[in-house]
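Computed from heavy atoms alone, side chains included, the values below leave out hydrogens, waters and symmetry copies. Below, chain A is the first sequence line, B the second, and so on; all start at residue 1.
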Protein chains: 2
Amino acid sequence: MATESKLPMALRAAYLALHRRSEARFARYDVTADQFVLLATLARGDALTQRELARRMPSDPSTVRAMLVLLERRGLVQRDAHPTDSRARTVSLTAAGRRKFRQLWTAGEPVRAQMLGALEPSEAELLARLLTQVADALNAQSVPAGRSNSHHSQKVEP
Amino acid sequence: MATESKLPMALRAAYLALHRRSEARFARYDVTADQFVLLATLARGDALTQRELARRMPSDPSTVRAMLVLLERRGLVQRDAHPTDSRARTVSLTAAGRRKFRQLWTAGEPVRAQMLGALEPSEAELLARLLTQVADALNAQSVPAGRSNSHHSQKVEP
DNA sequence: TATTGTTATACTCTATAACTATA
DNA sequence: TATAGTTATAGAGTATAACAATA
């Protein structure tokens, strides 16, 4: 039971430390850590629909929409009609958005260096792998308690 | 550079997955994941000052105060005068708070099991250790950029 | 029918700064 | 002088539900 409670708290503490250090670094660019994640997600895969963007962040579509409104107002992202699906809109970085992202990437470098500096290279790889395993396991099953959804599905707990 | 950007995102994804699964589990008790952390911190070390509670969570004193006001209103925590320092107030769980915490602990069990189920026992230990290393490294130095504070201090970046 | 996105709404967490009272 | 806590204030992110338009 020692590890059982330690692991979630350690995960939380590490993430919050990362988040706060990032916030502090990005503050002078008037961008939050979460906005950085959005910009970084767009930088890697431009012209996503809002839903796809939300899925990758990961976040809620209506949350992402609220963030996009803020960023669009500042000219960092733009939304255009989707070429084939006229319900959808594609989101991309503007030129200013790409510039901002490059600045932020540089500004965040010390934080990434500080994380990696605490680890052996092999440990960093391992840590990333273990975190991914944990995230996958937690996301694998979002069945609301009490509704058993059929035979196949990683049963974890009622 | 692959790992350099992967690690922060993996950390974020794992934490958010944990946070959301926890929120879903705790929702029927009308307690948020962060409130659970506060209650758990009190359950482990009762009669803390607000500052000490904030330090352990970790969170900001004024954030903790806002949370305490909510929880106090619902009778889950109480604040009393500090025995020796009359500026300070001690925070503790009420009987109802302790009961609630036990319920929450049980409600969260499947989530913890799901995390640990994705890992070998030795991996779980290792993961907790690596996360602690990372958190310590990130917290070690919060020197505002541009102010070099003397000779000794883990220099990381200007 | 299901899906994309919008709108309205509400609440928690977050944090800074100015303040009081005490150490 | 420094510390514990309060207050005022502001904003971000979060998410649900009802809705329109389209697939």
Side-chain angles (χ1 to χ4, degrees), chain A residues 12 15-24 26-39 41 47-55 57-74 77 79-91 142 144, chain B residues 12 15-39 41 47-55 57-74 76-77 79-91 142 144:
Chain A
R12 180 186 143 94
Y15 170 72
L16 287 179
L18 170 64
H19 192 262
R20 285 177 185 139
R21 296 271 305 159
S22 301
E23 288 280 0
F26 298 152
R28 52 179 295 236
Y29 300 93
D30 279 310
V31 170
T32 67
D34 290 307
Q35 287 169 352
F36 169 77
V37 171
L38 192 157
L39 296 176
T41 307
L48 306 173
T49 63
Q50 294 187 191
R51 269 198 120 70
E52 177 61 16
L53 177 57
R55 197 190 61 76
M57 292 204 37
S59 192
D60 188 272
S62 79
T63 301
V64 167
R65 193 234 171 214
M67 296 175 73
L68 287 175
V69 168
L70 291 177
L71 293 171
E72 194 172 32
R73 195 176 297 161
R74 295 172 52 192
V77 305
R79 291 185 287 173
D80 302 294
H82 190 281
T84 63
D85 185 341
S86 59
R87 293 171 308 181
R89 305 175 72 171
T90 60
V91 187
S142 322
Chain B
R12 180 185 142 94
Y15 170 73
L16 287 179
L18 170 63
H19 193 261
R20 285 180 184 135
R21 295 274 302 160
S22 302
E23 287 281 359
R25 277 279 159 184
F26 298 152
R28 54 179 293 235
Y29 300 94
D30 277 311
V31 169
T32 67
D34 289 308
Q35 288 169 352
F36 169 76
V37 170
L38 192 158
L39 296 176
T41 306
L48 305 173
T49 63
Q50 293 187 193
R51 270 197 120 69
E52 178 60 17
L53 176 57
R55 197 191 61 76
M57 290 200 44
S59 190
D60 189 90
S62 78
T63 301
V64 168
R65 193 235 171 212
M67 296 176 73
L68 286 175
V69 169
L70 291 175
L71 294 170
E72 194 172 32
R73 195 176 297 159
R74 294 172 53 193
L76 300 178
V77 305
R79 291 186 287 174
D80 303 294
H82 190 281
T84 63
D85 186 340
S86 59
R87 293 173 307 182
R89 305 175 71 171
T90 61
V91 186
S142 322

Just the rounded figure in Å: distance from C1' of D:dG11 to CG of A:L70.
9 Å
Given atom CZ of B:R51 and atom P of D:dA2, what is their separation to the nearest angstrom?
14 Å
Give a yes/no on whether any side-chain N or O of B:R65 is located under 4.0 angstrom from OP1 or OP2 of D:dT6.
yes
Is there a side-chain contact between A:D34 and A:H19, using heavy atoms and a 4.5 Å cut-off?
yes
Base D:dA4 paired with B:T49 side chain (donor-acceptor, <3.5 Å)
no
Just call it for A:D34: base, sugar-phosphate, or nothing, with non-hydrogen atoms closer than 4.0 Å on any strand.
sugar-phosphate
Just to be sure I understand the rule, does B:E23 reach a base, reach only the sugar-phosphate, or reach nothing, if contact means heavy atoms closer than 4.0 Å?
nothing
Heavy-atom side-chain proximity of A:Q35 to A:L70 below 4.5 angstrom:
yes
Does a salt bridge link B:E52 with B:R55, judged by any charged N lying under 4.0 Å from a carboxylate O?
yes
Does the side chain of B:R65 come within less than 4.5 Å of B:R89's, by heavy atoms?
no
Reckon B:R20 has a side-chain N or O less than 4.0 Å from the OP1 or OP2 of D:dA15?
yes
So, OP1 or OP2 of D:dA23: does either fall under 4.0 Å of a side-chain N or O from A:S86?
yes
For atom CZ of A:R89 and atom P of D:dT22, their distance in whole Å
13 Å
Between B:S59 and A:R87, which residue's closest nucleotide on DNA chain C lies nearer the 5′ terminus?
A:R87
Rounding to an integer number of Å, can you tell me how far B:E52 CD sits from D:dA4 P?
10 Å
Span of DNA chain C, from the first to the last nucleotide whose atoms fall under 4.0 Å of chain B heavy atoms
C:dT12 to C:dA23
In this structure, how many angstroms lie between the C1' atom of D:dA4 and the CG atom of B:D80, rounded?
16 Å
Quick check: on DNA chain D, is the nucleotide nearest A:T84 upstream (toward 5') of the one nearest A:T32, or the reverse? Name the residue that is more 5'.
A:T32
Rounded to the Å, how far apart are B:R55 CZ and D:dT3 P?
15 Å
Minimum heavy-atom separation for B:P58 and A:L16, please, with both atom names.
O-CD1, 3.9 Å
In whole angstroms, how far is the C1' atom of D:dT22 from the NE2 atom of A:H82?
13 Å
Side chains of A:M57 and B:R12: closer than 4.5 Å at any heavy-atom pair?
yes
Which whole-number value in Å describes the distance from B:D60 CG to D:dG5 C1'?
12 Å
Is there a donor-acceptor pair closer than 3.5 Å between any side-chain N or O of A:R74 and the backbone N or O of A:D30?
yes
